[in-house]
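All remarks here apply to the structure that follows.
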Amino acid sequence: MAPNKPMTLAVAAVAVIVLVASGVLLCGKSSADQYVSDLDQVQTEPQTPNFVIQCGTNEERHLNADNPVVSPGIPFGAHHTHEYVGNKSADAKSTNASLEAAPSTCEKDDRSTYYWPVLRLTDGTGHDAHAEGGGLHGNTGQVLKPTSVEIRYEGSPVSNVLPMPRFLRMITGDPMAFTNNYGPNTRAKWGCANQPGRYTSRYPLCGSATTLRTYEFASCWDGNNTDSASHRTHVVFPLAGGACPAKTFPIPRLRITVGYDIPAGRPFAIDSFPEELRDPATDHAMFINVLPEPLMNALVGHLNRSR
């Protein structure tokens with residue numbers, strides 16, 4: 001992991017208090033280092049045209065410990081709990097046909113599924129303290145409801161984009177970042193609403209500002225496949241400058257931003273695999289594209305015309 005910037009004594013003290021209260025103990029590193037007020041990284045990507053789809057904030061509380069992208073057909077296969085917006089039926093049993101037939105929380109008949117690990121207040125007891133994906137897998141605490149969710153599709157800074165293929169499946173981020181020693185798939189971005197354009201891979205101490213989690217998906221498609229064994233090689237990230245690698249084609253970049261109003265002084269952590277120790281760098285999200293083809297075509301047309 002990259003060297004940490006020095007923290008002030010005050011921030012370090014707050015971080016220690018918060019982490020002790022949460023009961024999260026991360027081996028091999030300072031516990032206080034997982035909570036920071038200094039957002040030490042800067043967003044450098046150029047602004048591009050975008051298209052936003054409103055999908056709500058999971059008001060109906062669609063939660064499960066399944067992963068229809070990575071572990072289809074395996075109930076509780078995630079070993080942690082996911083939060084969903086979009087398709088109301090998404091679970092381990094989902095198929096293309098079932099997703100296409102199900103209702104959605106999204107406008108414009110977007111039946112895609114968008115999901116990520118829940119965030120919890122760790123100083124209390126959750127509804128699933130004795131359930132798989134919850135307390136039985138080390139994920140304790142009260143699940144926090146998001147206060148905002150933005151589903152945004154963005155254009156390319158250097159070219160037009162092609163439509164995403166229907167039923168495309170993707171993952172961004174590394175749910176095993178801790179045991180993988182923070183390798184190249186680690187893409188956790190935590191931020192604060194009052195510090196736009198800045199982020200960290202650790203838990204941010206945002207004070208009264210909204211805490212943000214941002215998920216940026218790959219946008220260079222191989223032109224043939226809607227999935228791959230790793231769920232990554234069929235769609236890869238652009239090169240520096242925004243161009244796609246050889247033999248890949250630009251598609252809209254999906255960016256999901258989730259906001260939480262965390263009560264002051266309360267400890268919090270995301271769900272993770274037990275061996276990942278709820279490390280904030282393990283944050284990740286998944287997506288299955290079930291946008292109607294006319295909507296996808298309209299989205300692409302808007303992104304390309306607005307360049």
Point to revise | Side chain proximity check, Val70 to Ile171, heavy atoms < 4.5 angstrom | key: yes

Check your understanding: From Leu136 CG over to Asp128 CG, what is the distance, rounded to the nearest 0.5 angstrom?
Key -> 9.0 Å

Review point. Does the side chain of Cys55 reach to within under 4.5 Å of the side chain of Val149, using non-hydrogen atoms?
Key: no

Review point. Below 4.0 angstrom, N of the basic side chain to O of the carboxylate: do Lys88 and Glu60 qualify?
Key: yes

Review point. How about Cys244 and Phe249: do any of their side-chain heavy atoms sit closer than 4.5 Å?
Key: no

Review point. Under the side-chain contact (heavy atoms from CB on, under 4.5 Å) criterion, do Ile251 and Val235 qualify, and how do the steps go?
Key: CA-CA 9 Å; Ile251 58 175; Val235 188; 4.1 Å; yes

**Study point:** Charged N-O contact under 4.0 Å between Asp91 and Lys93
**Key:** yes

Exercise for review: Determine whether more than 12 heavy atoms belonging to other residues, nucleotides or ligands lie under 6.0 Å from atom CD of Gln47.
Suggested key: no

Point to revise | Side-chain donor-acceptor pair present, Asn64, Tyr84, cut-off under 3.5 Å | key: yes

Exercise for review: Using the side-chain contact (heavy atoms from CB on, under 4.5 Å) rule, take Leu303 and Glu154 through it: C-alpha gap first, then chi angles, then the decisive distance, then the call.
Suggested key: CA-CA 7 Å; Leu303 297 180; Glu154 299 177 336; 5.7 Å; no

Study note, to complete from the structure: d(Ser104 OG, Ile53 CD1) to nearest 0.5 Å is 9.0 Å

Practice item. Ignoring hydrogens and angles, tell me if any N or O in the side chain of Glu107 forms a donor-acceptor pair with the backbone of Gln54 under 3.5 Å. Key: yes

Practice item. Flag yes if Leu63 and Leu144 sit in one hydrophobic cluster, no otherwise; membership is Ile, Leu, Val, Met, Phe, Trp, Tyr, and two members link when side-chain heavy atoms are under 4.5 Å apart. Key: no

**Study point:** Shortest non-hydrogen separation from Arg120 to Gly133 and the atoms involved
**Key:** NH2-O, 4.0 Å

Check your understanding: Can you name the closest pair of heavy atoms from Asn87 and Ala102 and give their distance?
Key -> OD1-CB, 3.4 Å

Point to revise | Heavy-atom donor-acceptor pair, Arg169 side chain to Phe167 backbone, under 3.5 Å | key: yes

Review point. So do the side chains of Thr125 and Gln142 get within less than 4.5 Å of each other, counting heavy atoms only?
Key: no

Check your understanding: Side chain of Asp271, backbone of Leu119: donor and acceptor closer than 3.5 Å?
Key -> no

Check your understanding: Shared ILVMFWY cluster between Leu162 and Val158, side chains joined below 4.5 angstrom?
Key -> no

Review point. Would you call Pro204 and Tyr35 a side-chain contact if the rule is heavy atoms closer than 4.5 Å?
Key: no

**Study point:** Exercise: do Thr179 and Glu276 side chains pair donor with acceptor under 3.5 Å
**Key:** yes

Point to revise | Value rounded to 0.5 Å, distance of CD in Glu293 from CG in Leu291 | key: 10.5 Å

Exercise for review: Classify the side-chain pair Ser98/Glu100 by whether it contains a donor and acceptor separated by less than 3.5 Å.
Suggested key: no

Point to revise | Hphob cluster co-occupancy, Leu212 + Leu39, side-chain heavy atoms under 4.5 angstrom | key: no

Practice item. Looking only at non-hydrogen atoms, find the nearest pair between Cys220 and Pro245 and report the distance. Key: SG-CD, 3.8 Å

Practice item. Indicate the ring-plane relationship of Trp190 and Phe268, choosing parallel, tilted or perpendicular according to the 30° and 60° boundaries. Key: tilted

Point to revise | Minimum side-chain heavy-atom gap Asp174-Thr282 below 4.5 Å | key: no

Exercise for review: Establish whether Leu299 and Met164 are linked, either directly or via other cluster members, by ILVMFWY side-chain heavy-atom contacts under 4.5 Å.
Suggested key: yes

Practice item. Could you verify whether a donor N or O on one side chain and an acceptor N or O on the other, from Tyr153 and Arg255, lie under 3.5 Å apart? Key: no

Practice item. Please assess Met286 against Met170 for the test side-chain contact (heavy atoms from CB on, under 4.5 Å), listing each intermediate value before the final yes or no. Key: CA-CA 6 Å; Met286 282 70 55; Met170 289 196 286; over 6 Å; no

Exercise for review: State, to 0.1 Å, how close His82 and Asp66 come at their nearest heavy-atom pair, and which atoms those are.
Suggested key: ND1-O, 2.8 Å

Check your understanding: Can you tell me how far the CG atom of Leu121 sits from the CD1 atom of Ile262, to the nearest 0.5 Å?
Key -> 7.0 Å

Check your understanding: Mind checking whether Asn304 and Val161 have side chains closer than 4.5 Å, heavy atoms only?
Key -> yes

Exercise for review: Determine the sole option in Asn58, Asp110, Ile256, Val258 for which the side chain to side chain contact (heavy atoms under 4.5 Å, CB included) test with Val85 is passed.
Suggested key: Asn58

Check your understanding: Would you say the side-chain atoms of Ser112 pair up with the backbone N or O of Val290, donor to acceptor, closer than 3.5 Å?
Key -> yes

**Study point:** Check: Thr105 side chain, Gly86 main-chain N or O, donor-acceptor pair, under 3.5 Å
**Key:** yes

Review point. Val69, Trp116: one ILVMFWY side-chain cluster at the under-4.5 Å cut-off?
Key: no

Exercise for review: Using the six-membered ring wherever Trp is involved, compare the ring planes of Phe287 and Phe217 and label them parallel, tilted or perpendicular (cut-offs 30° and 60°).
Suggested key: perpendicular

Check your understanding: Under 4.0 Å between a Lys/Arg side-chain N and an Asp/Glu carboxylate O for Arg61 and Glu83?
Key -> yes

**Study point:** side-chain hydrogen bond (donor to acceptor under 3.5 Å, both in side chains) contacts touching residues 220-230 (sequence neighbours left out)
**Key:** Asp222-Asn225, Asp227-His231, Ser228-Thr233, Ser228-His234

**Study point:** Which atom of Thr186 lies closest to which atom of Ala177, heavy atoms considered
**Key:** OG1-CB, 3.4 Å

Check your understanding: Could Arg187 and Phe237 be counted as a cation-pi pair, given that NZ or CZ must be under 6.0 Å from the ring centre and within 45° of the axis?
Key -> yes

Review point. Between Phe51 and His302, how do the two ring planes meet: parallel, tilted or perpendicular, split at 30° and 60°?
Key: perpendicular

Review point. Thinking salt bridges, do Lys189 and Asp283 make one under a 4.0 Å N-O criterion?
Key: no

Practice item. Say whether, by atom type as modelled, one donor and one acceptor occur between the side chain of Arg111 and the main chain of Leu99 under 3.5 angstrom. Key: no

Revision key, fill the gap. For His80 and Ala78 the tightest heavy-atom approach is ND1-O, 2.8 Å

Check your understanding: Is Ser156 reaching over with its side chain to a backbone N or O of Ser159, donor-acceptor style, under 3.5 angstrom?
Key -> yes

Check your understanding: Can you check whether Leu254 reaches Tyr114 side chain to side chain, under 4.5 Å on heavy atoms?
Key -> yes

Review point. About how many Å separate CZ of Arg152 and OG1 of Thr48, when rounded to the nearest 0.5 Å?
Key: 8.5 Å

Review point. Measuring from Arg213:CZ to Tyr260:OH, what's the distance to the nearest 0.5 Å?
Key: 4.0 Å

Practice item. Could you walk me through whether Glu275 and His79 pass the side-chain contact (heavy atoms from CB on, under 4.5 Å) test, one step at a time? Key: CA-CA 10 Å; Glu275 62 273 19; His79 294 182; over 6 Å; no

**Study point:** Aromatic ring proximity, centroids under 6.0 angstrom, Tyr215 and His284
**Key:** no

